[in-house]
Protein chains: 2
Amino acid sequence: MKRRPTIMDVAARAGVSKSTVSLVLQGSKQVRPETRKAVEAAMAEIGYVYNRAAANLRSASVGLVGVLINDLRNPFFTEFATSLQMALAAEGYATVIANADEDPELQAKLVGSMIEHGVSALVISPAYGEAPGTFDQLARTGLPVLQVLRKMDERTDLFPFASFDYATGSAKAARHLLDQGARHIAFVGGLPGRAITRERKSGWREVLKAEGLEEVALHGKSSRAFGMQAAETLIADHPEVDAAICFNDLVALGLMAGFARAGRPVGDAFRVVGFDDIEEAAQSWPQLSSVSCDIAGFARDTAARLLAWMVEGERPEPELRSPVRLVARASSLGTDA
Amino acid sequence: MKRRPTIMDVAARAGVSKSTVSLVLQGSKQVRPETRKAVEAAMAEIGYVYNRAAANLRSASVGLVGVLINDLRNPFFTEFATSLQMALAAEGYATVIANADEDPELQAKLVGSMIEHGVSALVISPAYGEAPGTFDQLARTGLPVLQVLRKMDERTDLFPFASFDYATGSAKAARHLLDQGARHIAFVGGLPGRAITRERKSGWREVLKAEGLEEVALHGKSSRAFGMQAAETLIADHPEVDAAICFNDLVALGLMAGFARAGRPVGDAFRVVGFDDIEEAAQSWPQLSSVSCDIAGFARDTAARLLAWMVEGERPEPELRSPVRLVARASSLGTDA
DNA sequence: CATACGCTTTGGATCGTTCCAATTCCAGTC
DNA sequence: GACTGGAATTGGAACGATCCAAAGCGTATG
């Protein structure tokens, strides 16, 4: 088993000093082109691979960004993570993605592991729950840390927060359903007590209040399964309800499947709007109306804000809300449309 | 801006030498419990964080595994990656996940980046296409590399391969559809010419040949959108077809949505079986029959094989096929069932 | 009281890179 | 031919951990 070649081996092979090799590696323009060529040839010949650990030891590490996601199985978050990775890759930054699986303890472990591995910044969509000291540990490192999509720590001066303007989206959805003739709009999904549930309900609630309409809300896990179950509940216990805003598209798709199973397909007699506008929303039957969050664009903005912070030292504003857009499709417009 | 504390600072604070601190970090049992306590207290007080780069420099790096996935947006692969990460985390290994986005060049860059960051092993579900020298580069490093789910490099002695026994699954699905009374079974989805498409078709083809039945196959991207389009094609051009085996569940769900849109819901007059048994299969309407690949179990097995290789030096067998299971649901049994 | 023996602890060398100050090189000038 | 100045190159120190051989310490043994 031969050991991995180092810049010393490259230097010997190319007949220069290790310092010169280092300069070539850093793309310095003060080495003569011929020397550079020779060094590069030597590297190729002996199969040299850069040892970033050694480099990071000497100079403050740059170039590795940690992305920690509460639930990577949710396509919305997957899309965010992969878009962010691509945006950062375009700028020459490597990314490590990890999945906390909604487990605050695992999340704390992963944060520790990322810091140990020398990430120079962190983007985190936190898991809810008791995370003793995770954010204190982060604060102590002084690393740039961005909270996105969810907020665990209120110190947004330390950990700036960015998300979407869900409240306005929710209001848009409610107005749209009223325009389509709905009179009894339920809210379905979302765990009670969470900030994001409050936000996604707030616009709906205000519109209903303004119109003097009654509020029906069913809370639960944000899954397809809960959506199906909610369909049964609505049909049995709230027959007057003729439309629903769902916490997210997964719930909405489950709800539509539930109505289909009961022989009452969604579209004309019952209208549905979801949240997130995942890819599948445009491909379901009927096509699902949804409050569209441009997650890829959001990921690009996040990358830009993070880089401005890392490179220019320009601290982002503590709280940012990206605008959302209502995409009306057959599930709220009716199947003839 | 204060610099990050080192073991020297901890040592000074605890009144011991740096070597002792190092022993504590490594959990050596030859330090006196009281000394350990003192060191741990000192670490907590000054907020010490371990610098893994420095450690890896001295001792051959252990504990970081790279996971490179061709398409992380596909829930099947997301499930694999996250399950693998959790299985490895349970053994104390950190994992970095990256998404090659079906781009061989990006894949080559990511492989390079992972090696630079000192991963001690790699699990890769490769993107198809020209990847000049990516695997040669890997071979030179001598790292343990496992190919999973897809095979790019035929040198399975160097890069052992593991996947599912799709051929048998495909045969099971075809037999099942015949048992349900179908006579004209189409195969839908999968890009032509790819090994995985051949595998997932082969069992179907053999069964049809044995029964002397005609083969209809529609190839295309493995997406919902293609499934919907395929539904139209089948209805228009192949009205005799009364069942379909789909390349994966996404295509099957799209196909079902397409039939629903055409007013011909799947279940009794037309039967469908998919591949992968993703979570959504059990939650669609009608529920989707699927060739179930126990991806979480597969991920656990992969972790075990990888660790045996890394730790014991026990090279895995070059090719492994995990068994699959047909899960029959309403989409093939009929909606009354 | 000297010796031996575990159990703990320790100083120095080391890993592969970058940074810095110093040196060499080379053409141009007086 | 000596001197100058900028460009190119170089050797040594440094980064923060681990590893190793050796030393310290307290107790049991002869």
Side-chain angles (χ1 to χ4, degrees), chain A residues 1-40 42-43 46-64 112-113 115-120 141, chain B residues 1-40 42-43 46-64 94 113 115-120 141:
Chain A
M1 192 74 160
K2 221 179 52 200
R3 79 181 209 307
R4 212 159 121 159
T6 75
I7 54 168
M8 297 288 267
D9 303 317
V10 176
R13 176 101 191 188
V16 297
S17 79
K18 59 175 172 44
S19 303
T20 305
V21 178
S22 177
L23 288 174
V24 170
L25 284 173
Q26 293 165 79
S28 160
K29 56 192 53 161
Q30 70 169 337
V31 323
R32 219 155 24 115
E34 313 143 49
T35 313
R36 172 186 305 280
K37 280 263 159 45
V39 170
E40 279 164 355
M43 293 200 300
I46 65 180
Y48 169 76
V49 292
Y50 187 64
N51 183 335
R52 197 173 286 269
N56 286 351
L57 183 54
R58 183 66 178 92
S59 58
S61 94
V62 282
L64 183 61
S113 166
I115 296 174
E116 283 180 10
H117 279 100
V119 296
S120 36
T141 64
Chain B
M1 188 75 160
K2 221 179 54 202
R3 82 179 208 308
R4 210 160 122 158
T6 76
I7 54 167
M8 299 287 268
D9 302 317
V10 176
R13 176 98 190 189
V16 298
S17 79
K18 60 176 171 43
S19 303
T20 304
V21 177
S22 176
L23 288 173
V24 169
L25 284 172
Q26 291 165 79
S28 161
K29 55 192 54 164
Q30 69 169 340
V31 324
R32 215 151 31 109
E34 312 145 49
T35 313
R36 171 186 307 280
K37 280 264 160 46
V39 169
E40 278 165 355
M43 294 200 298
I46 65 181
Y48 169 77
V49 290
Y50 187 64
N51 183 334
R52 197 173 287 269
N56 286 351
L57 183 55
R58 184 66 177 90
S59 58
S61 97
V62 283
L64 184 61
S113 165
I115 295 173
E116 282 180 9
H117 279 99
V119 296
S120 36
T141 64

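Below, chains carry the letters A, B, ... as their sequence lines are ordered, and counting in each starts from 1.
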Enquirer: Can you tell me the distance, in whole Å, between the CD atom of A:Glu116 and the P atom of D:dT18?
Expert: 11 Å
Enquirer: Say you draw a straight line from CE of B:Met43 to OH of B:Tyr50; how long is it, rounded to the nearest 0.5 Å?
Expert: 11.0 Å
Enquirer: Tell me every residue that passes side-chain contact (heavy atoms from CB on, under 4.5 Å) with A:Leu23, counting only those two or more places apart in sequence or in another chain.
Expert: A:Ser28, A:Gln30, A:Val31
Enquirer: Could you go over nucleotides 21-25 of chain D and give all protein N or O partners under 3.5 Å, atom names and distances?
Expert:
none

Enquirer: Describe, as an angle rounded to 10 degrees, how the axis at the first end of the helix from C:dC1-D:dG30 to C:dC30-D:dG1 is tilted relative to the axis at the last end, five pairs per end.
Expert: 70°
Enquirer: I'd like a table of atom pairs between the protein and nucleotides 15-22 of chain C - only N or O on both sides, under 3.5 Å - with the distance next to each one.
Expert:
from	atom 1	to	atom 2	distance (Å)
C:dC15	O2	B:Arg58	N	3.4
C:dG16	N2	A:Ala54	O	3.3
C:dT17	OP1	A:Tyr48	OH	2.4
C:dT17	OP1	A:Asn51	N	3.4
C:dT17	OP2	A:Ile7	N	2.5
C:dT18	OP1	A:Tyr50	OH	2.9
C:dT18	OP2	A:Ser22	OG	2.5
C:dT18	O2	A:Arg58	NE	2.7
C:dC19	OP2	A:Gln26	OE1	3.0

Enquirer: For B:Ser17, enumerate each residue passing the side-chain contact (heavy atoms from CB on, under 4.5 Å) test, keeping only those at least two apart in sequence or located in another chain.
Expert: B:Ser19, B:Thr20
Enquirer: Provide, to the nearest angstrom, the distance between the CD atom belonging to A:Gln30 and the P atom belonging to D:dT10.
Expert: 12 Å
Enquirer: Are A:Ser17 and D:dT9 close enough that a side-chain N or O sits under 4.0 Å from OP1 or OP2?
Expert: no
Enquirer: When the distance from CZ of B:Arg32 to C1' of C:dT9 is rounded to whole Å, what number comes out?
Expert: 9 Å
Enquirer: Who passes side-chain contact (heavy atoms from CB on, under 4.5 Å) against B:Ala42, sequence neighbours left out?
Expert: B:Val10, B:Arg13, B:Ala14
Enquirer: Does A:Ser22 have any side-chain contact (heavy atoms from CB on, under 4.5 Å) partners at least two apart in sequence or in another chain, and if so, which?
Expert: A:Gln26
Enquirer: For B:Ser120, give me all partners under side-chain hydrogen bond (donor to acceptor under 3.5 Å, both in side chains), at least two apart in sequence or on another chain.
Expert: none
Enquirer: Considering only residues two or more places apart or on different chains, which pairs with a residue in residues 15-25 of chain B satisfy salt bridge (charged side-chain N to carboxylate O under 4.0 Å, His left out)?
Expert: none
Enquirer: Determine the minimum heavy-atom distance between B:Ile7 and B:Tyr48, stating which atoms define it.
Expert: CG2-OH, 3.4 Å
Enquirer: Donor-acceptor pairs under 3.5 Å, side chain of residues 52-60 of chain A to any protein atom, not counting sequence neighbours: which ones?
Expert:
from	atom 1	to	atom 2	distance (Å)
A:Arg52	NE	B:Glu116	OE1	3.1
A:Arg52	NH2	B:Glu116	OE1	2.5
A:Ser59	OG	A:Ala55	O	3.2

Enquirer: CG of A:Asp9 to CD1 of A:Ile46: how many Å apart, nearest 0.5 Å?
Expert: 5.0 Å
